[in-house]
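Here's the structure we're looking at; comments come further down.
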Amino acid sequence: MGIKKICTYIALTILFPLSGQVRPLEVQNFIIGSVNTESRNDSVYINMIMDIEKVYVKSHEALLLTPVIQSGQQNLELPAVFIGGKNKYKAYRRALAFGVSPVAPVILKAGKKGSPVFNYEFSALSQDWMESANLKLKEEIYGCAECRKDTTWSIIAENIFPPHLQPLIVTYVTPPVEEVKSRNLQGKAYLDFQAGKSVILPDFRNNPTELEKINTALSGIKENRYATITSIDLTGYASPEGPSELNERLSRDRSLALKTYLQNRFGYASNLFNVSWKGEDWEGLGKLMETSDIKDRYLVLDIVHSSVSESIKDQKIKTLSGGSVYKTLLNEYYPLLRRVEYKLNYTIRAFSISEGMEILKTAPGEMSLNEMFLVANTYPKGSKEFNDVFDIAVRVYPLDTIANINAGAMMLEKNDTEQAHHFLDKYENEPAAWNNLGILYLKEDNFDKAEQFFNKAILQNQEDAIHNLEQLKILRKRK
């Protein structure tokens, strides 16, 4: 690679003795100290102090000092420093006055008492070959006829531009396309019926409140221009008091009654419904007891989980604490078992990116992870809008592997390692998370564990991990 442009400048600055500098390096009969080199962005920078007070040059000779960046067969000569003997210095000055081009930007006289210590600075566009190059000094002595009498080389510093640390590359996983976006709304309807009847009266007791819940849910689906209702699942339950045959019929009648009500209200066909019933809900009673503070609840749980018939279970509960426990169950817990559970199944059509950008703000649950991913990539990586999409995605799909891995990637780019652990730790056995886990441990200086995850990711042909492992190797050398 050739250098398109070299920017150089030499600054001659009178310096006082400095503290905290590196131990000076004596090269021949002058001293070089405080050598600083840096590779930043697309440029390299060199700064060093030269002390030539003790330099001796014969009156008719000159010493030309040329710093050189060298690596193998490649080299770059930096601007030279001319140090002339007494007569040579005068002659050179006269030549300059007559327009002769200078051989060096800095011209000094040798042997002058109190000669200044000067600061040599240089910058140029960096090239690939400069990585790990050495900084050398070429010393050339010229005689009276401008002939070169001697040339010597010295090493000023080695490996002056170590490999540049590149930004780590986090992995954002592209979610698969959701061919059919199936969604559902679920709820429970605690309906009241008149004695001996199985017809729902919308205004009876608490029915207005219970029916409003399912009516609102179904109306929302019907009014959603992107949604299509596909089926309605209804499952009836009864409380366990009384004959089990009666409770079986009650659970059936409750689910069928809700089906009839919804058909009449919304005009749905019968084949849209999947109706079932479970009879007495002993399992539900057990769950209620596990979280209750009712007296003798552990005795109730023993009876519920026993292998005796349902009628004997009912009789045993009636005898607890002289019947007081049974009375509490009838008044406070059994009504919660008399219900119809419903599941409203529907599909959402696919969205364009422009539609998704708007729907993400109002109904993100209707979008697939793939659609969210496409929206995110319309924003600059790392921008607030970009990050917000992945934050929404993991809140809408908190158990999804890809949503968590991408949220972890976002946190890594924000340098929030605590939150990155929150999203990534549970996926140490998930190949898609290995590169990001490697970055996470690298950021915490746990290089061994970082290397393990990078190597595992490389075995999965993850190119990002190859790059990141190289950066890890550079960091190891710098530690």
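Everything numeric in this text was worked out from a predicted model, so none of it was measured.
For the residue pair N184/Q186, the side-chain donor-acceptor check at 3.5 Å is satisfied. With no hydrogens or angles considered, no side-chain donor-acceptor pair links K343 and S231 at under 3.5 Å. With no hydrogens or angles considered, no side-chain donor-acceptor pair links N247 and E310 at under 3.5 Å. Between the side chains of E121 and N47, at least one donor N or O sits under 3.5 Å from an acceptor N or O.
Contact check on R205 versus E210 returns no salt bridge, with no Lys/Arg side-chain nitrogen under 4.0 Å from an Asp/Glu carboxylate oxygen. With respect to the salt-bridge test (charged N to carboxylate O, under 4.0 angstrom), the residues E245 and R249 do not qualify. E290 and K287 are not joined by a salt bridge, as no carboxylate oxygen comes within less than 4.0 angstrom of a charged side-chain nitrogen. With respect to K313 and E280, no salt bridge is recorded, no charged nitrogen being found less than 4.0 Å from a carboxylate O. The pair D391-R395 counts as a salt bridge, with a side-chain nitrogen and a carboxylate oxygen less than 4.0 angstrom apart. For D416 and K443, the salt-bridge test fails: no basic side-chain N is under 4.0 Å from an acidic carboxylate O.
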Output, in order, the C-alpha distance, side-chain angles, deciding distance and verdict of side chain to side chain contact (heavy atoms under 4.5 Å, CB included) for W434 and I458. CA-CA 9 Å; W434 288 342; I458 290 170; over 6 Å; no
Worked check of salt bridge (Lys or Arg N to Asp or Glu O under 4.0 Å) between K361 and D388: CA-CA 10 Å; K361 303 172 185 176; D388 284 347; over 6 Å; no
For N370 and E178: C-alpha separation, side-chain torsions, deciding distance, then whether side chain to side chain contact (heavy atoms under 4.5 Å, CB included) applies. CA-CA 7 Å; N370 180 268; E178 193 176 349; over 6 Å; no
One pair to check against side chain to side chain contact (heavy atoms under 4.5 Å, CB included): K456 and L437. What are the steps and the verdict? CA-CA 11 Å; K456 290 170 66 175; L437 283 164; over 6 Å; no
If you apply the rule side chain to side chain contact (heavy atoms under 4.5 Å, CB included), what do you find for K381 with V170, and how did you get there? CA-CA 11 Å; K381 189 176 181 182; V170 301; 4.2 Å; yes
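No donor-acceptor distance shorter than 3.5 angstrom exists from the side chain of Q74 to the backbone of S71, with no hydrogens or angles considered. No donor-acceptor pair closer than 3.5 Å links the side chain of N435 to the backbone N or O of N468. Under a 3.5 Å cut-off, the side chain of E341 and the backbone N or O of T235 do not form any donor-acceptor pair. Remark: side-chain polar atoms of K449 are not paired, donor with acceptor, to backbone N or O of D445 under 3.5 angstrom. A donor-acceptor distance shorter than 3.5 angstrom exists from the side chain of R254 to the backbone of Y237, with no hydrogens or angles considered. Within the 3.5 Å criterion, the main-chain N or O of F447 finds a donor-acceptor partner in the side chain of R476. At least one donor-acceptor pair closer than 3.5 Å links the side chain of T328 to the backbone N or O of S324. Checking side-chain atoms of N404 against main-chain N and O of P398 turns up a donor-acceptor pair under 3.5 Å. Here the side chain of N436 pairs a donor or acceptor atom with the backbone of T171 at under 3.5 angstrom.
Annotation for A420 and G408: closest pair CB-O, 4.1 Å, computed over non-hydrogen atoms. The shortest non-hydrogen separation linking H422 to K426 is O-NZ, 2.9 Å. Pairing each heavy atom of D192 with each of N207, the nearest pair is N-OD1, 2.8 Å. For the residue pair G284 and L337, the shortest heavy atom distance occurs at C-CD2, 3.7 Å. Taking both residues in full, the closest heavy atoms of R338 and Y190 are given as O-CD2, 3.5 Å, listed atom of the first, atom of the second, then distance. Of all the heavy atoms in G236 and S255, the pair that sits closest is N-CB, 3.7 Å.
By the 4.5 Å heavy-atom criterion applied to side chains, K295 and S321 are counted as neighbours. Proximity of I200 to T260: side-chain heavy atoms (C-beta onward) are nowhere separated by under 4.5 Å. For the pair L285/P240, a side-chain contact is recorded, criterion being any heavy-atom separation below 4.5 Å from C-beta on. Using a 4.5 Å heavy-atom threshold, the side chains of L76 and M130 count as touching. Residues L185 and Y346 are in side-chain contact: their nearest non-hydrogen atoms beyond the backbone lie under 4.5 Å apart. The closest side-chain heavy-atom distance from K278 to S251 is not below 4.5 Å. Contact check for M372 versus V396: side-chain heavy atoms found under the 4.5 Å cut-off.
Every residue two or more places apart in sequence or in another chain that forms a side chain to side chain contact (heavy atoms under 4.5 Å, CB included) with H421 is listed here: D425, L440, Y441, E444.
Cation-pi contact between K213 and Y342: absent, since separation from the ring centre below 6.0 Å together with deviation from the ring axis within 45° is not met.
The only member of L135, N75, N134 that meets side chain to side chain contact (heavy atoms under 4.5 Å, CB included) when paired with I69 is L135. Put simply, the residue from V300, V304, I303 that forms a side chain to side chain contact (heavy atoms under 4.5 Å, CB included) with K316 is I303.
By the 6.0 Å contact criterion, CG on N429 is open, its count of non-hydrogen atoms from other residues, nucleotides or ligands being 12 or less. With a 6.0 Å radius and a threshold of 12 heavy atoms from other residues, nucleotides or ligands, F204 has its CZ atom above the threshold. By the 6.0 Å contact criterion, CD on Q194 is enclosed, its count of non-hydrogen atoms from other residues, nucleotides or ligands being greater than 12.
Residue pairs satisfying the ring-ring contact (aromatic ring centres under 6.0 Å, His included) criterion with at least one member in residues 347-395, sequence neighbours excluded, are listed as follows: Y172-F386, Y172-F390, Y226-F351, F386-F390.
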